[in-house]
Amino acid sequence: MHVRPPVVSKLEAYPRRLFVECTHTYLKGGSDGIRRVARGLANQCRDVSTDDIMLVPVIWGGIGFYAPRAPFGHGPHPLHKLATKGVALFRRFGLAPKSHPADNGATSHTPRGGGLSFRDKIEQAFYVLFGILASISGPLMAHRVRFRPGDIIVLVDATWDSDAMLNALFSARHKKGICLGVMVHDLFPLTAPEWCEEKTVGSFGRWFHRVAPNADFFITNSEATRRSLHDFLADHPTIRVQPVRSASFRLGSDLGRSLASTGDTPASISALPGFVVLAVGTLEPRKNYEVLLDAMDKLSLAQSVSLLIVGKVGWSCQSIVQRIAQHPLRGTRIFHFDDADDGELLAAYRRADCLVCASWAEGFGLPIVEGLFHGLPVIASDIAVFREIGEDHCRYFPAGDASGLAQQILAVAREQSKRAPARADIGTLCPSWLESTRQFKDATFAIAADACGGQP
C-alpha cells in the first residue's frame with residue numbers, strides 16, 4: 001500500500017532503503033542530460049516510496065552523505081555560487097593558476113599531468129563546508145545519512161572526480177555491508193574517445209576503472225548501453241573479474257509536474273516565426289549540429305522553416321558556434337539558447353513543430369522521448385539506440401545526410417497538422433519521471449537481490 005510520502009528525518013525507521021546519489025546536480029544545477037536524469041529521479045523518490053521501502057536522494061558532503069530536505073532545482077546551490085566566486089577572486093588577484101584554454105572555466109578538470117586542479121581542490125573544500133553546515137543546521141538543511149547493512153546506493157550523477165566519495169563508499173561497502181550500484185549513461189569516453197573532450201576521457205576512465213571492480217551491479221539507461229557495457233568488460237577482462245550483473249530502465253519524458261502546470265511561454269520563444277524545428281543538446285561534435293545547419297541551408301526561405309537550438313556551448317565547437325553567430329538567418333530563422341533552464345526548455349517543446357536529433361552516437365536520447373511526450377514529430381539519425389528508444393514513432397535519416405534530413409523536415413512541415421501520437425497512444429515508450437523512477441526502483445531491487453542477496 002502506498003502511503004503519504006515519507007519525510008527525510010524518519011529514514012531510520014524504514015527497513016529497506018535505496019539511496020540515489022545526485023551530488024553535482026543538487027549543488028551545481030544545470031540542464032544537461034545527466035543532470036535532467038538525476039533531478040528527475042531525485043524529485044520523485046518520495047512519491048515512489050512505500051510503507052517499507054524508502055528512496056532517498058543523497059549528496060556527498062565531504063565528511064559524509066546527506067539527504068537534502070529541499071527539492072532539486074535547476075540553479076546552483078548558494079554555497080556553490082560562493083565557491084565559484086572564490087575561485088574567480090583568487091585568479092583575479094593572481095593567487096591561483098589559470099584554466100587551460102580548452103576548459104573555458106566551465107567545469108572542474110584534472111590537469112594533464114594528473115592530480116586535482118585548483119578548481120577541484122576548491123570544490124572538495126566546498127563539499128566539506130557543506131557537510132559541516134549541514135551537520136550544524138541539523139534537519140533544517142539536510143539529514144546526515146548513516147549507512148547500515150542491506151542499504152543500497154546507486155551512483156547516478158557525473159561525479160567522475162570525487163575520489164573521496166568513492167573511498168567512503170568502498171569503505172561502507174566493506175565495513176557496513178551496503179550494496180553499491182553504478183548507473184552508466186554511456187561509455188563513449190572509453191569506446192569512442194574521439195567524440196569526447198580530452199579531460200572527460202581521462203577523468204571518466206579513471207573513475208570507471210575504480211568503480212567497475214568494486215560495484216555490486218550496474219544500472220543503464222537503455223539496452224544499447226547495457227550491451228555496450230557487457231561487451232567492453234568482456235573485451236577487457238582484467239578490469240572486473242567477478243560476474244557483471246546489470247539491468248536497464250527507461251528514462252522519463254516529462255520535465256516535471258510543477259513546470260508542466262505553471263508559467264507562460266517566454267515571448268522570445270512563443271514569437272518564433274514559421275515552422276519551428278527544435279534541437280536539444282550540448283554543442284559538441286557528437287551531437288552533429290553541422291548536418292542540421294547544412295539541412296537548413298538547403299531549405300528555401302519560402303518554406304518558412306526556423307531552427308531553434310537549445311544547448312550550452314560545449315567542447316571543440318568553435319566552428320559551429322561561429323557558424324551560428326555569422327549565419328545570415330541568425331535572429332530571423334536560426335536561434336540559439338545557450339543557458340536555458342527547464343522552464344525555457346519546456347516552452348521550447350511547446351512552441352516547436354518538430355524535433356530533430358542528429359547525433360552520431362548516444363547512450364539514450366532524452367530529447368526523443370521528451371519530444372514524443374509533447375506530441376512532436378521526431379526526426380532522428382538512424383542509429384541503434386534511437387531505433388530502440390523511438391521505435392516506429394520517429395522518422396529516421398542517415399546521420400551524415402543533410403539532403404535526406406532536409407527532405408524529412410519538408411515532409412513533416414507539409415503535414416504539420418498531423419502531430420505525433422498522443423502520449424496515451426505510445427504507452428510505455430514515454431513514461432513520466434514518476435513512472436521511470438518506479439522502474440528504476442524495481443530494476444534496482446531486483447538486480448541488487450541477485451548481486452548482494454536478500455529480499456528483492
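Since the model is a prediction, treat every value here as computed from it, not as a measurement.
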Side chain to side chain, [X] and [Y], heavy atoms closer than 4.5 Å:
X	Y	value
K298	S403	yes
V37	W433	yes
R35	K28	yes
F249	T220	no
F275	C354	yes
R36	P367	yes
I334	L308	no
F335	I324	no

State, without any angle test, whether [X] and [Y] hold a side-chain donor-acceptor pair at a distance under 3.5 Å.
X	Y	result
E21	T23	yes
R226	S246	yes
E362	S359	yes
E370	S253	no
S222	T225	yes
N167	R210	yes
D254	H374	no

Test item: [X] side-chain N/O and [Y] main-chain N/O as donor-acceptor pair under 3.5 Å:
X	Y	result
Q408	Y396	yes
T200	C196	no
T191	L187	yes
S432	E435	yes
H24	D157	no
R173	N214	yes
T437	Q44	no
R250	L429	yes
H327	R323	no
D382	P398	no

Problem - Listed partners of Q407 passing side-chain contact (heavy atoms from CB on, under 4.5 Å), at least two apart - result: none

Exercise for the section: Look at D338 together with K312 and state whether they make a salt bridge at an N to O cut-off of under 4.0 Å. Expected result: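 Salt bridge: no.
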
Kindly compute the distance separating [atom1] ([X]) from [atom2] ([Y]), expressed to the nearest 0.5 Å.
X	Y	atom1	atom2	result
R16	K441	CZ	NZ	8.5 Å
L405	L410	CG	CG	9.5 Å
Y26	R39	OH	CZ	13.0 Å
L229	F208	CG	CZ	5.5 Å
L299	R333	CG	CZ	11.0 Å
L233	F218	CG	CZ	6.0 Å

Between [X] and [Y], what is the shortest heavy-atom contact and its length?
X	Y	value
D216	R240	O-NH2, 3.8 Å
V154	M183	CG1-N, 4.0 Å
F217	T444	CZ-CG2, 3.8 Å
F386	G365	CE2-CA, 3.8 Å
S270	R351	O-NE, 3.7 Å
P189	V201	O-CG1, 3.7 Å

Problem - Neighbour count above 12 (heavy atom, 6.0 Å) for R387 CZ - result: yes

Practice task
Could you tell me if the ring centre of W160 sits under 6.0 Å from that of F204?
Solution key: yes

